[in-house]
Amino acid sequence: MNIVILAAGQGKRMRSDLPKVLHPLAGKPLLRHVIDCARSLSPQRLIVVHGHGGDTVRQAIDAALPGNDIGWALQSPQLGTGHAVMQAAPLLDPTVPTLVLYGDVPLTTRDTLVRLIEAAGPDRLALLTVNLDDPTGYGRIVRHEGRIVRIVEHKDADEPTRGIREVNTGIMVAPTAALERWLAGLSDDNAQKEYYLTDIVAMAVRDGVAVASAQPAAAWETLGVNSKLQLAELERIHQRNVAERLLDEGVTLADPARLDVRGTLACGRDVAIDVNCVFEGEVTLADGVQVGANCVIRNARIDAGAQILPFTHIEDASVGAGARIGPYARLRPGTELGADTHVGNFVEMKNTKMAAGSKANHLAYVGDATVGQRVNIGAGTITCNYDGVNKHRTVIEDDAFIGSDSQLVAPVTVGRGATLGAGTTLTRDAPPDRLTVSRSKQHTVESWKRPQKAAKAAK
């Protein structure tokens, strides 16, 4: 099968310099949703017709899908859907059918497309149609004795035709050799002076080619994006569908309407997610994980029984079983936390491995560090990992105790069982099982007096 995705439109109503098909839905460009669905059908050839935004669209897709199998056809100027498919025609395999999709219709499912392809078979024209309560703006499906005979665009339709509720979605499958012949016969003699792809329906009827149809499981599968309002509406539809799937899988959602999944979210049993959480990229929540309100989790694995408390940010990191993270914690890329670890409020970690049972409960920065088991990192501790040019690593071995307000100037090692006194600035290795302290001697200035405010001059 050939698949052609039409993605050349400007999208003036988006009021944006970004090409319409690159606007994100669930964290991914509209066009990527369509491409991903198309590729799930394993087509022999996949062609994207681009136009407005030109190389920007192609570069964005090639960067996101390096080494992809996509062919590109440029439509310039944009003279309608029929004209767009004409640009792809030289790249098609004429021996297999062609499926036409749209780069701004992101929610069509694979199952719906499979039904349409089956309706088409090897030699029929098949249209994806849908019945709408308000069909305004859509091309109407005109039938005679139950058979589709033509499609009439809304602007060209008379009042009786506008009363038809079955509409064309634009998605179709056609035998390619016949499609190329029909495209050559298109005319722009219509209200918009464009070459309508829908005109091939009447041509198929004229040529005795059967015209079949299929309908989606839900009308939202056929909705397109022409404005920011429509984009927001489709975002909520998508997120509602994700929430319903999670609920069916047994996930507890405090409010299904306040969840955003911008990637893939895999959940085990007895997972609970509070309101306003955002999941990006690939996230896995194992059995019994609890995620508090207002968390952002990106490309992360959270192991069984871990608690992620409110307002925590996790990115490219992993959290061990039974860990307790937050509130207001930030785990940056490269952080790997072992089982039963605690990372508390206003603690930031980056490129750090912390083994089982260790804790940094509040107000600390731990970066480029290896932390052993059962370590306690006190409030205000900083690993000074950057010298202005290079990053250096800090090692804190098992059972060490880091007193509050300590600075560990990397590269440095705190030995097993060592204790750093509060306020220590560590510039050399601390030996195991010893107390190391570095602070200036305390003294009191007996003659000191608190400054007084100067008297105001009389007016």
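What's counted below: heavy atoms across the whole structure, side chains too, no hydrogens, waters or symmetry copies. Position 1 is the first residue of the sequence; numbering continues from there.
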Participant: Stepwise, does the salt bridge (charged side-chain N to carboxylate O under 4.0 Å, His left out) test hold for Glu315 with Arg332?
Facilitator: CA-CA 5 Å; Glu315 178 181 3; Arg332 292 171 58 192; over 6 Å; no

Participant: Measure up the His33 and His238 rings against each other and bin them: parallel (under 30°), tilted (30 to 60°), perpendicular (over 60°).
Facilitator: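 Perpendicular: the ring planes of His33 and His238 meet at over 60°.
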
Participant: State, with a plain yes or no, whether a side-chain heavy atom of Val57 is found less than 4.5 Å away from one of Leu31.
Facilitator: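 Sidechains of Leu31 and Val57: in contact.
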
Participant: Check step by step if side-chain hydrogen bond (donor to acceptor under 3.5 Å, both in side chains) holds for Thr129 and Gln215.
Facilitator: CA-CA 5 Å; Thr129 72; Gln215 292 215 338; 3.1 Å; yes

Participant: Under 3.5 Å, is there a donor on one side chain and an acceptor on the other for His392 and Asp368?
Facilitator: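 No, no side-chain donor-acceptor contact under 3.5 Å.
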
Participant: Does this structure show an ion pair linking Glu280 with Arg262, if we count only N-O contacts that are shorter than 4.0 Å?
Facilitator: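 Yes, charged N to carboxylate O under 4.0 Å.
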
Participant: Indicate yes or no: at least one non-hydrogen side-chain atom of Val319 is less than 4.5 angstrom from one of Asp303.
Facilitator: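 Answer no - side chains too far apart.
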
Participant: Would you tell me whether Glu221 and Thr109 have side-chain atoms, one donor and one acceptor, within less than 3.5 Å of each other?
Facilitator: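 Looking only at side-chain atoms, Thr109 and Glu221 do form a donor-acceptor pair, the distance falling under 3.5 Å.
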
Participant: Answer yes or no: is there a side-chain heavy-atom contact under 4.5 Å between Leu41 and Ile3?
Facilitator: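 Of all side-chain heavy-atom pairs linking Ile3 with Leu41, at least one is under 4.5 Å.
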
Participant: Measuring only between side-chain heavy atoms, which start at C-beta, is Ser213 closer than 4.5 Å to Leu128?
Facilitator: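 No, their side chains stay 4.5 Å or more apart.
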
Participant: What heavy-atom pair brings Thr341 and Gly357 nearest, and what distance separates the two atoms?
Facilitator: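 Residues Thr341 and Gly357, closest heavy atoms: CG2-N, 4.0 Å.
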
Participant: Parallel, tilted or perpendicular: which fits the ring planes of Tyr328 and Phe346, with parallel below 30° and perpendicular above 60°?
Facilitator: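 Answer is parallel, since the angle falls under 30°.
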
Participant: Check whether Ser358 reaches the backbone of Arg374 with its side chain - one donor and one acceptor, N or O, closer than 3.5 Å.
Facilitator: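 Yes.
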
Participant: Taking atom types as modelled and ignoring hydrogens, do the side chains of Gln75 and His83 form a donor-acceptor contact shorter than 3.5 angstrom?
Facilitator: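 Gln75 vs His83: donor-acceptor pair found between side chains.
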
Participant: Side chains of Asn2 and Thr176 only: does a donor on one sit below 3.5 Å from an acceptor on the other?
Facilitator: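 Short answer, yes.
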
Participant: Does Leu247 form a side chain to side chain contact (heavy atoms under 4.5 Å, CB included) with Leu253? I'd like the steps, not just the answer.
Facilitator: CA-CA 7 Å; Leu247 291 166; Leu253 301 178; 3.9 Å; yes

Participant: Does CG in Asp248 sit with more than 12 non-hydrogen atoms of other residues, nucleotides or ligands closer than 6.0 Å?
Facilitator: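 It does: Asp248 CG has more than 12 such atoms within range.
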
Participant: Taking all heavy atoms of Pro135 and all of Arg162, pick out the closest pair and write down the distance.
Facilitator: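 Between these two residues, the closest heavy atoms are CG-O, 4.2 Å.
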
Participant: Report the C-alpha separation of Ser227 and Glu233 in whole Å, then their side-chain angles, then the decisive distance to 0.1 Å, and conclude whether the side chain to side chain contact (heavy atoms under 4.5 Å, CB included) test is met.
Facilitator: CA-CA 10 Å; Ser227 68; Glu233 290 171 345; over 6 Å; no

Participant: Hey, could you give me the OG1/CD1 distance between Thr169 and Ile141, rounded to the nearest 0.5 Å?
Facilitator: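 The distance works out to 8.0 Å.
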
Participant: Side chain of Ser40, backbone of Ala38: donor and acceptor closer than 3.5 Å?
Facilitator: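 A pair under 3.5 Å: no.
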
Participant: Just so I know, are the side chains of Val366 and Ile377 near enough to count as touching, which here means a heavy-atom distance under 4.5 Å?
Facilitator: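 Yes, their side chains come closer than 4.5 Å.
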
Participant: In terms of heavy-atom contacts, does CZ of Arg32 have more than 12 from other residues, nucleotides or ligands at under 6.0 Å?
Facilitator: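 Result for CZ/Arg32: enclosed.
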
Participant: Answer whether the closest heavy-atom distance between the side chains of Val4 and Val48 falls below 4.5 Å.
Facilitator: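 Not in contact.
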
Participant: Does the Glu235 side chain pair with the main chain of Ala26, one donor and one acceptor, at a distance under 3.5 Å?
Facilitator: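 Confirmed, Glu235 side chain pairs with Ala26 backbone.
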
Participant: Test salt bridge (charged side-chain N to carboxylate O under 4.0 Å, His left out) on Lys20 and Asp104; report intermediate values, then the result.
Facilitator: CA-CA 7 Å; Lys20 178 172 66 171; Asp104 60 356; 2.7 Å; yes

Participant: For Ala304 and Ala286, which heavy atoms make the closest approach, and how far apart are they?
Facilitator: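 Between these two residues, the closest heavy atoms are N-CB, 3.4 Å.
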
Participant: Between Asp189 and Ser187, do the side chains contain an N or O donor and an N or O acceptor separated by less than 3.5 Å?
Facilitator: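 Side-chain D/A pair, Asp189 to Ser187: absent.
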
Participant: Got a donor-acceptor contact below 3.5 angstrom from the Arg45 side chain to the Leu92 backbone?
Facilitator: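 Confirmed, Arg45 side chain pairs with Leu92 backbone.
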
Participant: For the pair Asp93 and Thr95, evaluate side-chain hydrogen bond (donor to acceptor under 3.5 Å, both in side chains) and give the outcome as yes or no after the intermediate values.
Facilitator: CA-CA 6 Å; Asp93 180 348; Thr95 66; 2.7 Å; yes

Participant: Under a 4.0 Å threshold between the charged nitrogen and the carboxylate oxygen, would Asp340 count as salt-bridged to Lys359?
Facilitator: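 Between Asp340 and Lys359 there is no salt bridge, as every charged N stays at least 4.0 Å from the carboxylate O atoms.
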
Participant: Distance from Met354 atom CE to Met349 atom CE, nearest 0.5 Å?
Facilitator: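 Separation between the atoms: 4.0 Å.
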
Participant: Could you walk me through whether Asp274 and Arg258 pass the salt bridge (charged side-chain N to carboxylate O under 4.0 Å, His left out) check?
Facilitator: CA-CA 9 Å; Asp274 210 330; Arg258 288 187 282 173; over 6 Å; no

Participant: With a sphere of 6.0 Å drawn around CD of Glu282, does it hold more than 12 non-hydrogen atoms of other residues, nucleotides or ligands?
Facilitator: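 Check fails, neighbour count at 12 or below.
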
Participant: Run the numbers on Ile5 and Leu46 for side chain to side chain contact (heavy atoms under 4.5 Å, CB included), then give the verdict.
Facilitator: CA-CA 8 Å; Ile5 301 174; Leu46 175 57; 3.8 Å; yes

Participant: Between Asn385 and Thr394, is a side chain to side chain contact (heavy atoms under 4.5 Å, CB included) present by the stated rule, with each step listed?
Facilitator: CA-CA 7 Å; Asn385 56 321; Thr394 297; 5.7 Å; no

Participant: Assess, by modelled atom type and distance only, whether the side chains of Asn226 and Lys12 contain a donor and an acceptor separated by less than 3.5 Å.
Facilitator: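 No, because no side-chain N or O of Asn226 sits under 3.5 Å from a partner of the opposite role on Lys12.
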
Participant: Around atom NZ of Lys28, are there more than 12 heavy atoms of other residues, nucleotides or ligands at under 6.0 Å?
Facilitator: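 Correct, the count exceeds 12.
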
Participant: Nearest 0.5 Å, what's the CG-CD distance between Leu331 and Glu348?
Facilitator: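 Between Leu331 CG and Glu348 CD, I get 9.5 Å after rounding to 0.5 Å.
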
Participant: Run through Glu166, His154, Glu153 and flag the one making a side-chain hydrogen bond (donor to acceptor under 3.5 Å, both in side chains) with Arg140.
Facilitator: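 Testing Arg140 for a side-chain hydrogen bond (donor to acceptor under 3.5 Å, both in side chains) against Glu166, His154, Glu153 leaves exactly one candidate, His154.
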
Participant: How many angstroms lie between CZ in Arg110 and CD1 in Ile117, if you round to the nearest 0.5 Å?
Facilitator: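 Atom-to-atom, Arg110:CZ and Ile117:CD1 are 8.0 Å apart.
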
Participant: Is it the case that the side chain of Asp207 and the backbone of Val209 share a donor-acceptor pair, with hydrogens and angles ignored and the cut-off at 3.5 Å?
Facilitator: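 No, the answer is negative, given that no donor and acceptor are paired below the 3.5 Å cut-off.
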
Participant: Would you give the length of the straight line joining atom CZ of Arg301 to atom CG of Leu285, rounded to the nearest 0.5 angstrom?
Facilitator: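 So the gap between those two atoms works out to 9.5 Å.
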
Participant: Locate the shortest heavy-atom distance separating Leu116 from Ala214; write the atom from each residue and the value.
Facilitator: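 Heavy atoms only, the tightest pair is CA-CB, 3.9 Å.
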
Participant: What I'd like to find out is whether the side chain of Thr198 reaches to under 4.5 Å of the side chain of Ile200, using heavy atoms alone.
Facilitator: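 With C-beta onward as the side chain, the pair stays apart.
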
Participant: Any non-hydrogen side-chain atom of Val34 less than 4.5 Å from a side-chain atom of Val105?
Facilitator: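 No - every pair of side-chain heavy atoms lies 4.5 Å or more apart.
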
Participant: Under a 3.5 Å cutoff, is there a donor and acceptor pairing between the side chains of Arg393 and Thr370?
Facilitator: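 Yes, because at least one side-chain N or O of Arg393 sits under 3.5 Å from a partner of the opposite role on Thr370.
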
Participant: Taking 4.0 angstrom as the limit, do Arg165 and Asp133 come out as a salt bridge?
Facilitator: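 Yes, Arg165 and Asp133 are salt-bridged.
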
Participant: Would Trp182 and Asp199 count as having a side-chain donor-acceptor pair, cut-off 3.5 Å?
Facilitator: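 Side-chain D/A pair, Trp182 to Asp199: absent.
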
Participant: Starting at CG of Leu79, measure out to CG of Leu186 and round the result to the nearest 0.5 Å.
Facilitator: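 Interatomic distance, Leu79 CG to Leu186 CG, rounded to 0.5 Å: 12.0 Å.
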
Participant: What's the shortest heavy-atom distance between Val375 and Gly372, and which atoms?
Facilitator: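 For Val375 and Gly372, the tightest heavy-atom pair comes out as CG2-O, 3.7 Å.
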
Participant: Would one find more than 12 heavy atoms of other residues, nucleotides or ligands at under 6.0 Å from atom CZ of Arg245?
Facilitator: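 More than 12 heavy atoms, drawn from other residues, nucleotides or ligands, come within 6.0 Å of this atom.
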
Participant: Quick check: closest heavy atoms across Ser16 and Leu18, and the distance to 0.1 Å?
Facilitator: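 Answer, listing the atom of Ser16 first, then Leu18: OG-N, 3.0 Å.
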
